[in-house]
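Quick one: the structure is below, and I'll ask about it shortly.
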There are 2 protein chains.
Amino acid sequence: MSIQDRRERERARREKLIITAARELAEAEGWEAVTTRRLAERVEYSQPVLYSHFKGKDAIMTAVALEGFADLAAELRAARTAAPDATEALARISAAYVAFAERRPALYDAMFSQRVDLPFATPEAPAALHAGFDELAAAVGPHADGADPDLLTEAFWAALHGLVTLMRGGRLPRGQHERRLALLIACFTRGPAGSGHSL
Amino acid sequence: MSIQDRRERERARREKLIITAARELAEAEGWEAVTTRRLAERVEYSQPVLYSHFKGKDAIMTAVALEGFADLAAELRAARTAAPDATEALARISAAYVAFAERRPALYDAMFSQRVDLPFATPEAPAALHAGFDELAAAVGPHADGADPDLLTEAFWAALHGLVTLMRGGRLPRGQHERRLALLIACFTRGPAGSGHSL
DNA sequence: TTCTCGTTACTAGCATTGCTAGCGAAACGG
DNA sequence: CCGTTTCGCTAGCAATGCTAGTAACGAGAA
């Protein structure tokens, strides 16, 4: 069985190579530059090899997105756990989220702006997805103040996502970003139901 | 000059026809089904005619998006002006925004999820864009409570946008949408700086 | 009326895309 | 050492956005 094992190992290695190459190419020149031919050339295999690993180009992007969710979760965790208190935690995790999206726009696109068939809001969702959500939830939860923490996390996540995508598309002026983000956080840090904390 | 006039009129009419056909085709089958060939067939002209009106496919999508912004502004206005008070106005305009995006996903994509070269956050932005923003601002402003109203409007718009796009992409469970939206509004209706209104 | 000329829309084609069929070689099992 | 099976490649398909070159139409002059 050792031969089969080696083959599977090599195969897995090659699959990883494809995913990495796709991500790097996308981050360097955008997804529209990621064609199956260029990708194949980059991994030094022929085009059809890609299709023995992935069903199609979309599947490759999905795989890249999955890696991205893991990265994002890790960065969010680092930002959150480095904060001294709950208020600072929300501020830092928000900044980390925005920074991730700004620093790796192509990756963020694969994760969020792509019609990708991953189970998201279900228990079957990949672990990296849950990890990312849990990080946000851990930062948002302390400010829930009676409201449903998960629901509030979803709303906050959506707000961050909207901020990032609109800014990236030029729909929001970049200059005011810091103030806008602070304002958004201020809206959430007092909880949705009245007895507010102070700023 | 009347002949030239007629020609220009016919030309404008045809341009409108192209835009409408593109929108309808996109709304019926999605943008990936909108190819220049199918579009040309639909307007009963040959392919190159499209390029005598628009620089390329992207320009056609931009034109569709512009129409969309006008539509959205109108619907937002209707929702806002029908509300009895400021709190209700924000609730209704939010619902209208979400409803628009849900009812016309392809149009919404052209407006927001496309790399389109329109000036957005500048005075040169098309009137329809300003109109839409102004509607939101008129609904959000009364709840600013000391904060910069434009900035708060931008943040709220971003939140709505994030909610809509994440839900559409399956990233947020659809079942909780109403509660999530209400929660988001609750976060904004007390203004970002303390002396909160009641729910 | 007839000729000329500019406009206009079409036919045909290019390069590139994602994807697949079919072959040839290499490697494994006996 | 041979038969079989796996595997990756060459070549090609249909469809894409876009463009070059051409034929036809209509307006104005002779």
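Residue numbers start from 1 in every chain, and the chains themselves are labelled A, B, ... in the order their sequence lines are given, proteins ahead of strands. These numbers come from a predicted model, not from an experiment.
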Margin query: Applying the side-chain hydrogen bond (donor to acceptor under 3.5 Å, both in side chains) criterion to B:Y108, which one of B:E102, B:R103, B:R168, B:H161 satisfies it?
Written below: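 Among B:E102, B:R103, B:R168, B:H161, the one that satisfies the side-chain hydrogen bond (donor to acceptor under 3.5 Å, both in side chains) with B:Y108 is B:H161.
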Check: Hey, is the main chain of B:L136 close enough, under 3.5 Å, to the side chain of B:W157 for a donor-acceptor pair?
Finding: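 Here the side-chain-to-backbone pair does not exist.
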Note to self: Does the plane of the ring in A:F112 sit parallel, tilted or perpendicular to the ring in A:F69? Use 30° and 60° as the thresholds.
What the structure shows: perpendicular
Next item on the list: May I have the distance from B:L39 (atom CG) to D:dG17 (atom P), rounded to whole angstrom?
Entry: 9 Å
Next item on the list: Find the distance A:R38:CZ to C:dG18:P and express it as a whole number of Å.
Entry: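 Those two atoms, CZ and P, are 11 Å apart.
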Notebook entry, point to check: Any chance the side chains of A:H53 and A:Y45 put a donor and an acceptor closer than 3.5 Å?
Noted result: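 Side-chain D/A pair, A:H53 to A:Y45: absent.
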Note to self: Side-chain N or O of B:Y51 versus OP1/OP2 of D:dC18: is the shortest distance under 4.0 Å?
What the structure shows: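 Indeed, a polar side-chain atom of B:Y51 lies that close.
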Note to self: Counting the atoms with a prime plus P, OP1 and OP2 as sugar-phosphate, which does B:S46 contact under 4.0 Å by heavy atoms, base, sugar-phosphate, or nothing?
What the structure shows: base
Margin query: Can you see if the side chain of B:T36 gets near the phosphate of D:dG17 - specifically, an N or O under 4.0 Å from OP1 or OP2?
Written below: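 For B:T36, the contact criterion (side-chain N or O under 4.0 Å from OP1 or OP2 of D:dG17) is met.
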Note to self: Without decimals, in angstroms, what is the distance between A:M61 CE and C:dT17 P?
What the structure shows: 15 Å
Margin query: Can you tell me if B:E41 has over 12 outside heavy atoms packed within less than 6.0 Å of its CD?
Written below: no
Checklist line | A:E32 CD - C:dA15 C1' separation (whole Å) | finding: 17 Å
Next item on the list: Give the rounded distance in Å between these two atoms: CG of B:L50 and P of D:dT16.
Entry: 13 Å
Checklist line | Shortest side-chain distance from A:Q47, nucleotide among D:dT16, C:dG18, D:dT19 | finding: C:dG18
Notebook entry, point to check: Just to confirm, is there a sub-4.0 Å distance from OP1 or OP2 of D:dC7 to any side-chain nitrogen or oxygen of A:R11?
Noted result: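 So the side-chain polar atoms of A:R11 never come under 4.0 Å of the phosphate oxygens OP1 or OP2 of D:dC7.
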Check: What integer distance in Å separates A:E10:CD from D:dG8:C1'?
Finding: 13 Å
Check: Starting at CD of B:E41 and ending at P of D:dA15, how long is that distance when rounded to a whole Å?
Finding: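 Between P of D:dA15 and CD of B:E41: 13 Å.
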Notebook entry, point to check: Which sits closer to the 5' end of DNA chain C, A:V34 or B:Y45, going by the nucleotide each is nearest to?
Noted result: B:Y45
Next item on the list: For D:dG8, take OP1 and OP2 only and decide whether either is under 4.0 Å from a side-chain N or O of A:R14.
Entry: yes
Notebook entry, point to check: Can you tell me how far C1' of D:dG17 sits from CH2 of B:W31, to the nearest Å?
Noted result: 15 Å
Margin query: Nearest to the side chain of A:V49, heavy atoms from C-beta on, is which of D:dG17, C:dG18, D:dC9?
Written below: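 Nearest listed nucleotide: D:dC9.
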Margin query: On DNA chain C, compare the nucleotides closest to A:K57 and B:R37; which residue's is nearer the 5' end?
Written below: B:R37
